[in-house]
Structures are given as structure tokens and as C-alpha cells.
Amino acid sequence: MIAIGCDHGAFDLKNEIINHLKNRGFDVKDVGCYDTSSCDYPVYAKAVTDSITSGECELGILVCGTGIGMSMAANKVEGIRAALCGDCFSAKATREHNNANVLCMGARTTGPGLALMIVDNFVDTPFSNDERHIRRINMYS
Ligand code: RB5
């Protein structure tokens with residue numbers, strides 16, 4: 001299952017991503033927000049990271065205006081490796097090299113077409129399991 005959350009700045013993008021993932025056959029847990037009223041993105045970052053640290057979801061996606069606040073908030077949580085991506089290469093590489101478990105994107109910086117391609121690269125790429133990458137990830141904390 002993939003958890004997804006947004007703030008008011010990325011509500012439309014979140015819905016596009018949910019539709020895309022569901023059409024591809026993924027189970028999606030939508031933690032909100034559920035409209036475009038101004039809200040606090042760390043609330044939704046916490047809801048997505050809770051879904052991952054509890055074991056309910058394997059991966060998460062967080063979208064806000066820039067993706068920056070979401071990535072900062074998510075990376076405060078032990079066990080979360082959140083990657084802010086604006087291109088497909090980074091989305092694939094961060095799964096292979098960093099075993100990223102949360103993808104962050106900005107709805108005001110990344111158009112919806114590219115955002116869906118980034119999502120596909122992220123969810124379709126497994127961690128390499130390479131010893132050197134495991135060693136480096138273990139050095140994060
Ligand atoms: C909300 O206006 C905006 O600050 C938020 O969406 C995000 O860009 C924060 O990093």
C-alpha cells in the first residue's frame with residue numbers, strides 16, 4: 001500500500017496521483033488534506049510517515065507547494081528517507097541508492113505530467129540491495 005498526503009497547495013496534484021496509482025492497480029491510503037482550505041503540511045507528513053513506520057504502507061508520497069516543507073518534516077522521523085524529486089532520474093536513483101521510502105514533490109514547481117512520470121519511476125524501482133549503499137544508509141543516523 002502507498003500512503004499519500006498533501007497540503008492545500010497540492011490538493012489537485014494529489015488527486016491526479018491517486019487516480020493514476022489506482023488505475024495502475026496500487027492500493028492507496030489517502031491521509032488528506034481533503035480540500036483546498038489552508039492547512040499545515042507537517043500534519044500530513046506525520047500521517048504518511050506514521051503509515052510507513054507502523055508497517056501499514058511500504059512507500060509514501062507527499063506533495064505541497066514546493067515539496068520542501070514536506071521533505072524536511074518527513075526526514076525528522078526515524079526510519080524515514082524522504083527524497084524531494086523534480087526529475088525521473090532522481091526518483092529512480094533515490095530508490096536504488098538511498099532506499100527512499102517517501103517521495104516528495106512540489107505542485108508549484110513540477111507539472112502534473114512530469115509528476116506522474118516521477119511517481120512511476122519511484123514506485124517501479126526497487127532498492128539495489130548493494131552492500132555499499134546499505135553501508136552508507138546506515139551512516140545516516
Ligand atoms: C504553503 O503555502 C507552502 O508553504 C507549502 O505548500 C510548501 O511549499 C512548504 O514547503
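Remember, it's 1-based here, ligands and their atoms both numbered in the order they're listed. Because only heavy atoms are used, hydrogens play no part in the values below, and waters and symmetry mates are left out as well, while side chains stay in. The structure presented is a predicted model; accordingly, all values stated were derived computationally and were not measured.
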With distance as the sole test, does Arg81 use its side chain to make a donor-acceptor pair with the main-chain N or O of Asn75 at under 3.5 Å?
-> no

In one Ile/Leu/Val/Met/Phe/Trp/Tyr side-chain cluster, 4.5 Å: Leu103, Leu114 = yes

Could you tell me whether Asp40 atom CG has more than 12 heavy atoms of other residues or ligands within 6.0 Å of it?
-> no

Does Arg108 have a heavy atom less than 4.0 Å from any atom of ligand 1?
-> yes

Thr66, portion touching ligand 1 at heavy-atom distance under 4.0 Å | both

Can an N or O of Gly65 be found at a distance shorter than 3.5 Å from an N or O of ligand 1?
-> yes

Residue-ligand contact Gly69/ligand 1, heavy atom below 4.0 Å = yes

Ranked by distance from atom 4 (O) of ligand 1, the top protein heavy atom is Tyr41 CE2, 4.4 Å

Tell me which protein heavy atom sits closest to atom 5 (C) of ligand 1, plus the residue, atom name and distance to 0.1 Å.
-> Asp7 OD2, 3.2 Å

Does some non-hydrogen atom of His8 fall short of 4.0 Å from ligand 1?
-> yes

Please answer whether the main-chain N or O of Phe122 pairs with a side-chain N or O of Thr125 as donor and acceptor at a distance below 3.5 Å.
-> no

Is Thr49 reaching over with its side chain to a backbone N or O of Ala45, donor-acceptor style, under 3.5 angstrom?
-> yes

So, are Asp30 and Lys22 salt-bridged, with charged N and O less than 4.0 Å apart?
-> no

Protein heavy atom at shortest distance from atom 7 (C) of ligand 1 = Cys64 SG, 3.4 Å

